[in-house]
Student: 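Encoded as C-alpha cells, here's the structure I'll be asking about.
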Amino acid sequence: MATAATGRGIGFVRNLSGLFYSRLSGVVGGPQQLSCLHTSPTLETKHWERKNLIMYPPQLPDEPRRPAEIYHSRRQIKYSKDKMWYLAKMIQGMSIDEAIAQLEFNDKKGAKIMKEVLLEAQDKAVKNHNVEYKSNLYVAESYTGKGRYLKRLRYHAKGMFGIMDKVYCHYFVKLVEGSPPKTEEKISFDQAKEYVERLKNRTIIHSL
C-alpha cells in the first residue's frame, strides 16, 4: 500500500512538472510573458550601442578636440548580476591597461568575461572611432543589469520539489579617450555631509 502511494506521489510530481514546462514553453513562444521571466532591459541600457551612432557637429578650429566615446555591452551572461557588480565597480575609473591587468589576475568567472568585453571595446575604438593609441582609454562607466530569470524545478526526496532560479545578467561599459580624471580624496565625514545634503534637497512627490 505504501509503495503504491509513493508511486502515485511520484507520478503526480511528474505530471505537475510536465504541466509547468508546457506552460513555460508556451509563454516563451507566445506574445505573453510570465512573471518569473525578466526579458526587458532598463530604459537607459535598451539602446546602449546606438549611442555609438551619434553624429556631432563639426568643431571650430579653436575648440579642444572632442574625446572619442565607445559604448559596448554583452547581454544574457550566465552569471549573477550581484557578483558581476563588484568587478564592474572595481575597474571603473581605471585606465584600460590597468583594468585588463586587474581582471587578468582575478580568478572569478565574471572577470574573464569582463576582460573579453573590454578587449572587444578596445578593438572597436581603434577600428571605428579613430582612436590612435589603444592604450589612451579609460573606463568611464561600468555597471551591470538584470537579465533573464528562469524558474526551474529541483527534485527532492519523498515526492517533494523546490524551485531554483537560472539567473542571467548584462554588462555595460563606456570607454573614453584620454587619461582617467583624478578623483578627489574624501574622508568619511565629508561623505556623510554630502549624503545628508542630498537627502535634504531631494524632491518627494505628493508630500506636504
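All of these numbers come straight from a predicted model, not from anything done at the bench.
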Student: How many angstroms lie between atom CE of M84 and atom OH of Y143, to the nearest 0.5 angstrom?
Tutor: 14.0 Å
Student: For P67 versus V176, what's the shortest heavy-atom pair and its separation?
Tutor: CB-CG1, 4.2 Å
Student: Look up atom CZ in R148 and atom CG in D165, then write down how far apart they are to the nearest 0.5 Å.
Tutor: 13.5 Å
Student: Quick one: does W85's side chain get under 4.5 Å of C169's, heavy atoms only?
Tutor: no
Student: Can you name the nearest heavy-atom pair linking E49 to Y71, along with the distance?
Tutor: CG-O, 4.3 Å
Student: When you measure from the centre of the six-membered ring of Y168, is the NZ or CZ of K78 closer than 6.0 Å and no more than 45° off the axis?
Tutor: yes
Student: Mark yes or no for whether N106, through its side chain, and K108, through its backbone, hold a donor-acceptor pair below 3.5 Å.
Tutor: yes
Student: Once rounded to the nearest 0.5 Å, what's the spacing between atom CG of D97 and atom CG of N136?
Tutor: 10.0 Å
Student: So, taking the atom named CD in E98 and the one named OG in S135, what distance separates them when rounded to the nearest 0.5 Å?
Tutor: 12.5 Å
Student: Pick one: which of E69, H72, K51 meets side-chain contact (heavy atoms from CB on, under 4.5 Å) with K174?
Tutor: E69
Student: Testing the basics here: between L87 and G110, what is the closest heavy-atom pair and its distance to 0.1 Å?
Tutor: CD1-C, 3.6 Å
Student: Given 3.5 Å as the limit, does a donor-acceptor pair link the side chain of Q59 with the main chain of P64, or not?
Tutor: yes
Student: Any chance you could lay out the side-chain contact (heavy atoms from CB on, under 4.5 Å) test for Q76 and H170, step after step, and finish with the verdict?
Tutor: CA-CA 6 Å; Q76 304 302 345; H170 311 310; 3.2 Å; yes
Student: To the nearest 0.5 Å, what is the distance between CE on M164 and CG on L150?
Tutor: 10.5 Å
Student: Looking only at heavy atoms, which two atoms of I91 and A99 are closest? And how far apart?
Tutor: CB-CB, 3.9 Å
Student: What's the shortest heavy-atom distance between S142 and Y171, and which atoms?
Tutor: OG-OH, 2.8 Å
Student: Take N128 and N52 through the side-chain contact (heavy atoms from CB on, under 4.5 Å) test and state the conclusion after the steps.
Tutor: CA-CA 9 Å; N128 303 336; N52 292 322; over 6 Å; no
Student: Out of the candidates R198, K193, Q191, E197, only one should pair with Y195 under the side-chain contact (heavy atoms from CB on, under 4.5 Å) rule; please name it.
Tutor: R198
Student: Check the pair K186 / E194 against side-chain contact (heavy atoms from CB on, under 4.5 Å), numbers first and verdict last.
Tutor: CA-CA 11 Å; K186 296 180 182 178; E194 291 182 1; 2.7 Å; yes
Student: Roughly how far apart are Q122 CD and K127 NZ, rounded to 0.5 Å?
Tutor: 11.5 Å
Student: What are the two closest non-hydrogen atoms of S73 and W48, and how far apart are they?
Tutor: CB-CD1, 3.9 Å
Student: Do V131 and L175 touch side chain to side chain, with heavy atoms closer than 4.5 Å?
Tutor: no
Student: So, for F161 and Y155, is the gap between ring centers shorter than 6.0 Å?
Tutor: no
